[in-house]
Amino acid sequence: MTTPATDEIEIHGYRLTPVYGRLQPGVRDEIVGMWLAAGVLSPDEARRRVEEVVIAIRSPAGAVAGVNTVYVQDVPGGGGAYYFYRTFIRAPDRGVPGVTTAAFKAAVALLREHPHPRAPRGVVLIVENPKLFRRAAVARMERLGLHRMGRDARGREVWCLNFDGTVPAAPEGLLRPS
């Protein structure tokens, strides 16, 4: 699915809307409310993190069902700045085929073109969900252009995608020996 980074995408009745850097106050409040209702973030962290939302995901009923967010950080070992990517989907909306994949693709398309002052080199995912260690999930991440870098000090899988298409090198200090 190749669409301009500003286009809304619909998949199985879910609407994925790019909002990075242009989140409206009402949508901002809905996203904070979603996180607070799910009990996943404190009020202060939710208000801070809402500025990092890239794609807002609405359920077929119109409620905010999920988001993906990024923050920019240098990787250890002089690898430069990267977008560190996270996804949250409300429990009742999880498991809808293609939604998280489409949200990731839309986020990467938008971020690749976004004029960030730090010029991030790509996207890093630190995977905490053990379901994403399964063979089918690993194959899907590889099809998306991600490369498994290893595990971090906390044992979480680290994946990376460079915007220029090169295969990323494992950043020194980020990963523990396998």
Side-chain angles (χ1 to χ4, degrees), residues 1-20 38 40 49 52-60 64-73 75-77 79-114 120-178:
M1 165 184 335
T2 50
T3 58
T6 57
D7 286 354
E8 189 171 85
I9 298 165
E10 186 170 326
I11 183 163
H12 301 294
Y14 284 79
R15 285 191 345 264
L16 287 63
T17 306
V19 296
Y20 195 53
V40 295
R49 193 175 292 185
E52 300 173 346
V53 173
V54 181
I55 305 292
I57 302 166
R58 289 196 178 274
S59 71
V64 174
V67 294
N68 54 31
T69 64
V70 294
Y71 60 95
V72 176
Q73 179 176 306
V75 295
Y82 278 81
Y83 290 104
F84 281 69
Y85 179 92
R86 298 174 291 224
T87 300
F88 175 77
I89 306 290
R90 294 182 316 172
D93 297 291
R94 292 181 188 151
V96 178
V99 170
T100 56
T101 298
F104 177 78
K105 287 179 178 180
V108 169
L110 189 152
L111 296 170
R112 189 183 304 272
E113 303 300 323
H114 185 74
R121 297 183 59 200
V123 176
V124 171
L125 278 74
I126 299 177
V127 179
E128 298 178 18
N129 185 341
K131 289 180 183 178
L132 297 178
F133 299 166
R134 295 178 185 160
R135 184 173 296 151
V138 166
R140 184 176 68 231
M141 288 190 280
E142 289 171 344
R143 282 192 306 274
L144 290 169
L146 290 156
H147 298 274
R148 188 186 329 202
M149 308 308 304
R151 292 184 185 264
D152 69 5
R154 292 177 42 199
R156 302 172 301 180
E157 291 272 332
V158 178
W159 291 76
C160 185
L161 175 148
N162 281 347
F163 289 146
D164 67 5
T166 60
V167 175
E172 194 176 310
L174 178 65
L175 306 176
R176 71 175 189 197
S178 299

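If you're wondering where the values come from, they're calculated on a predicted model, not measured in any experiment.
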Of all heavy-atom pairs between I55 and P18, which one has the smallest distance, and what is that distance? CD1-CA, 3.6 Å
Those residues that, when tested against R135, pass side-chain contact (heavy atoms from CB on, under 4.5 Å) (two or more places apart): none
Which pair of heavy atoms, one from I11 and one from P97, lies closest together, and at what distance? CD1-O, 4.0 Å
Pairs where residues 80-89 contributes a residue and the test side chain to side chain donor-acceptor pair (under 3.5 Å) is met, not counting sequence neighbours: E52-R86, N68-Y85, T69-R86, Y82-N162, Y85-T87
Considering non-hydrogen atoms only, spot the tightest contact between V67 and I57 and give its length. N-CD1, 4.2 Å
Taking only residues two or more places apart in sequence or in another chain, which ones pass side chain to side chain donor-acceptor pair (under 3.5 Å) with E128? R156
Tell me, please, which residues at least two apart from V96 pass side-chain contact (heavy atoms from CB on, under 4.5 Å). H12, Y14, V99
Please identify each residue that fulfils side chain to side chain donor-acceptor pair (under 3.5 Å) with R49, with sequence neighbours left out. E45
Taking only residues at least two apart or on different chains, which pairs with a member in residues 137-148 satisfy salt bridge (Lys or Arg N to Asp or Glu O under 4.0 Å)? R148-E157
Sorted by chain and number, sequence neighbours left out, salt bridge (Lys or Arg N to Asp or Glu O under 4.0 Å) with R15 holds for E8
Partners passing salt bridge (Lys or Arg N to Asp or Glu O under 4.0 Å) against R90 (at least two apart in sequence or in another chain): D93
Set of residues satisfying ring-ring contact (aromatic ring centres under 6.0 Å, His included) with respect to Y20, sequence neighbours excluded: H114
Contacts of type side chain to side chain donor-acceptor pair (under 3.5 Å), residue S59, not counting sequence neighbours: none
Side chains of V123 and W159: does their closest heavy-atom pair fall under 4.5 Å? no
What distance do K105 atom NZ and T100 atom OG1 have between them, rounded to the nearest 0.5 Å? 11.0 Å
How many angstroms lie between atom CG of L144 and atom CG of L161, to the nearest 0.5 angstrom? 8.5 Å
Of all heavy-atom pairs between P168 and H147, which one has the smallest distance, and what is that distance? CD-CD2, 3.4 Å
